[in-house]
Amino acid sequence: MAKKRKNESSENVIRLPGGKTISLEGYLTKKPRDASTAPENSSFQKKPVSDSKKDASQAPDVIAQDQKNKALPIWEYQDVIRSALRKSDVLVLVGETGSGKSTQIPQFLYQEDWCRRRKVKVMKRNGGKAGQPDGEEEVDVGGVIAITQPRRVAATTLAHRVSAEVGTPLKGQQYNDGKGKGGGPVQKGLVGYSVRFDHRVPKGTRIKYVTEGMLLQEMLRDPHLREYSAVLVDEIHERSVDVDLLSGFLKQMVLSDKAGRGGVPLKVVVMSATVNVEKIKTYFSSAADGTVSSDGSIPPVELLEIEGRQFPVDIIHTPQWVPDIQEALLKTIFKIHTEQPLQDKHGKQDILAFLIGQEEIESAQRLIEEHAATLDKTVPKVKVLPLFGQLSMEAQHEAFQPVKAPFTRKIVLATNVAETSVTSKVKHFRPRLGMASLLAKPISKSSAIQRAGRAGREGPGKCFRLYTEEGYDGLEQTELPEILRTDVLGAVLTMKATGIDDVIDFPLMDRLQLEPVEKAYTYLNMLKALDDEFHITEAGRKMLLFPVTAPYARVLLVAAEPAYNCLLEVIDIIACITSGEDIFQQLRSEEAQEAAEAYRKELWRREGDLLTYLTTMQRYTAENADRIAWCKARHINVRNIKQALNIRRQLRALCVRHKLLKEAPPQDPQPFVPASPEKAEAILKCFLRGFMLKTALLHPDLSYLTSAGNQVVAIHPSSVLHGQKKEAIMFLEHVYTMKSYAKKMANTIGW
DNA sequence: GAGCACTGC
């Protein structure tokens, strides 16, 4: 670990006149925090405290924190923010990462008068029964501020930080290992969080960090969000499907008569990076039909811009187009490595490079390490750390740690994990074909800017773009929002459930397009989630109770029917499939393949991948000794199968609660009993009820043609059925990468 | 014979 001065800068500390220091660490930097919020066992706590830091770090927490907050750019805006929200229900706030908006604004607001919980009278709903007079009832409205985040780690990390700042720290481990709810008795506190698999909401919580999906879920239960006085929508510029839907519903609430909240307004603060602010502001400033008024009929929307904390970054483009990216990458990395000092006054000068995918990263790593070995002894050594989603948590975490070896420069090779080279792979749903394509696509300008910004978080930095300035100019300004490029099946069903009949005309920031919606209607109708008039059915509402896509939800409902009676098995399969990329790791070397195969064979089922997943989950949960070793031998991704276990636990609990299961299933470990052929058939028939469009028949020329559209599909090499020629197959995933592939499949011959 | 990233009572 480096010494004093460097510690300061590597923790994003700046110096105030008078010798005080303050931390400006970005909330998403995956490094140990400063002493006041670091985990107990952090080595950072034991480090020598520099003179200038001593007085602050040894003073009580509150004071130290107070000094920090004052220096955050956001602090001087607190009165402006408070008064803006006293006169307006909607505030659009622009501020880059590091401005402190996500941690400070809730603290500015929770003691405002409008943020008190109050008792109000509302019209009672009679469970939809017609003909009964509606009475009044008294309910509580408000009191809590919700802050939404796109990702779970952001929500939980922010909650821990803010709870420490207000003096009611959340106890226990920071990162839940999936064991469910935060243990121990209910504590008291001002700050809590709620994300999937992990809820910590102390008694007296006023500030609650949640994922977007979680709030959407809460909204389906309580359309008026009566628990809340305000919703702060953070990172709205990322434009996830969930945040787009949430924005639509929030806007609708702001414009409504608020009868469901007894007239108490819901304050909405929308927080965004600089990209697309105008669009977002215009959206919230306009009426439901999109018109903007000047006569005051539409409540005013305040706009506030807050400068971020960003060191300057030099951006260097290549003078001409680069024919060979691999070569240019190596040359640039070694030019930096041999010419730039290993560290400057701001800290270590490490290198972060963005590449398209795992394959590029692995080959670049090999080449860099080979070349580095040939360098003179006077040149620092290099430590190359790959960073992509399929790596284990530990390996990903390592990429964020300072390298321990002396005289060594860290080089991180990342995909979009660390933010979105000139291209990235983007999933794009093609409604006409009913399949997703995963193709390399140029990044947007805003991605390029965000990447460059990564070099200026702790000190001035440099960004070498391996493309020309003209190339940059030719990039799109922003990426297409997710809702315009993914399957809208879930979004349509959610909208139907909230009573939106005319999905096409519902004013989202980007409205849904006709063709994808029509496809979704047809499919949802086949899944019996919508009736023939495209109104939501009881089954459709039930499907929304499960955190899986509509086709899987359909499979769950069918599996619970007495005629099939295979719900537990279906849960196991769905848990494995939806837990991540794939629980089976791809085997690159022949040796690994042979070694794993001997073990994996006992998991394989000739019926296909679905039964193979079932066997895997059953054997895994029957394993009583060393589950990690069990996974390692079979090259099963430990992280993903643990996630699968979480999903399984959650789905089982939901099935008990919603009466799909009569009683809680027996605890693990249970002895392994292979599914009988009859059981296997029942399981596959259930899946067919959710995936009736995803079948294909073998043709005389030995290619598969889909039954729905006569498209050619090939069995993906990851399937246990790869290389076999079955007469008929069903597949759960259809993607276009190198070609049109069917994944996660089953042989459907014979019934 | 293949591989972008998140997320949900």
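None of these values were measured; they are calculated from a predicted model. Within every chain, numbering begins at 1; the chains are lettered A, B, ... in the order of the sequence lines, protein sequences first and strands thereafter.
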Subject >> Whole-Å gap separating P (B/dC9) and CE (A/Met214) >> reply: 3 Å

**OP:** Identify the residue among A/Ile361, A/Leu387, A/Ile325 that makes a side-chain contact (heavy atoms from CB on, under 4.5 Å) with A/Leu355.
**Re:** A/Ile361

Original post:
A/Glu218 near the nucleic acid: base, sugar-phosphate alone, or nothing, with a heavy-atom cut-off under 4.0 Å?
Top reply: nothing

Subject >> Atom-to-atom span, OH of A/Tyr552 to P of B/dG8 - whole angstrom >> reply: 17 Å

Original post:
Which comes earlier along DNA chain B counting from the 5' end, the contact point of A/Pro547 or that of A/Glu482, where each point is its nearest nucleotide?
Top reply: A/Glu482

**OP:** Would you indicate what A/Val548 reaches in the nucleic acid, counting non-hydrogen atoms under 4.0 angstrom: base, sugar-phosphate, or nothing?
**Re:** base

Original post:
A/His658 vs A/Phe546 aromatic rings, parallel, tilted or perpendicular, using cut-offs 30° and 60°?
Top reply: perpendicular

Original post:
Roughly how many Å is it from CG in A/Leu480 to P in B/dA5, rounded to a whole number?
Top reply: 20 Å

Subject >> Pair of N/O donor and acceptor under 3.5 Å linking B/dC6 base with A/Arg152 side chain >> reply: no

**OP:** Kindly write out the residues that satisfy ring pair (Phe, Tyr, Trp, His ring centres under 6.0 Å) with A/Phe731, not counting sequence neighbours, or none if the list is empty.
**Re:** A/His734

**OP:** Choose from B/dC9, B/dG3, B/dG8 the nucleotide whose nearest atom is closest to any side-chain atom of A/His716.
**Re:** B/dG3

Original post:
Between B/dT7, B/dA2, B/dG8, which nucleotide gets closest to the side-chain atoms of A/Arg151?
Top reply: B/dT7

Original post:
Is A/Leu545 touching bases, backbone alone, or none of the nucleic acid, heavy atoms closer than 4.0 Å?
Top reply: sugar-phosphate

Original post:
What is the distance, rounded to the nearest whole Å, between atom NZ of A/Lys739 and atom C1' of B/dA2?
Top reply: 10 Å

Original post:
Does OP1 or OP2 of B/dA2 have a side-chain N or O of A/Thr737 closer than 4.0 Å?
Top reply: no

Subject >> Atom-to-atom span, CG of A/Asp609 to P of B/dA2 - whole angstrom >> reply: 16 Å

Original post:
Which part of the nucleic acid, if any, lies within reach of A/Ser718 when heavy atoms closer than 4.0 Å are counted: base, sugar-phosphate only, or nothing?
Top reply: nothing

Original post:
How about A/Lys725: does its NZ atom have over 12 heavy atoms from other parts shown lying under 6.0 Å from it?
Top reply: yes

Subject >> Rounded interatomic separation in angstrom, taking CD1 from A/Ile647 and C1' from B/dT7 >> reply: 11 Å

**OP:** Mind calculating the distance between NZ (A/Lys744) and C1' (B/dA2) to the nearest angstrom?
**Re:** 13 Å

**OP:** Applying salt bridge (Lys or Arg N to Asp or Glu O under 4.0 Å), name anything that partners A/Glu369, two or more places apart in sequence or on another chain.
**Re:** none

**OP:** Would you indicate which nucleotide in B/dG8, B/dG3, B/dG1 comes nearest to any side-chain atom of A/His722?
**Re:** B/dG1

Original post:
Expressed in angstrom and rounded to an integer, what is the separation of A/Arg239 atom CZ from B/dT7 atom C1'?
Top reply: 17 Å

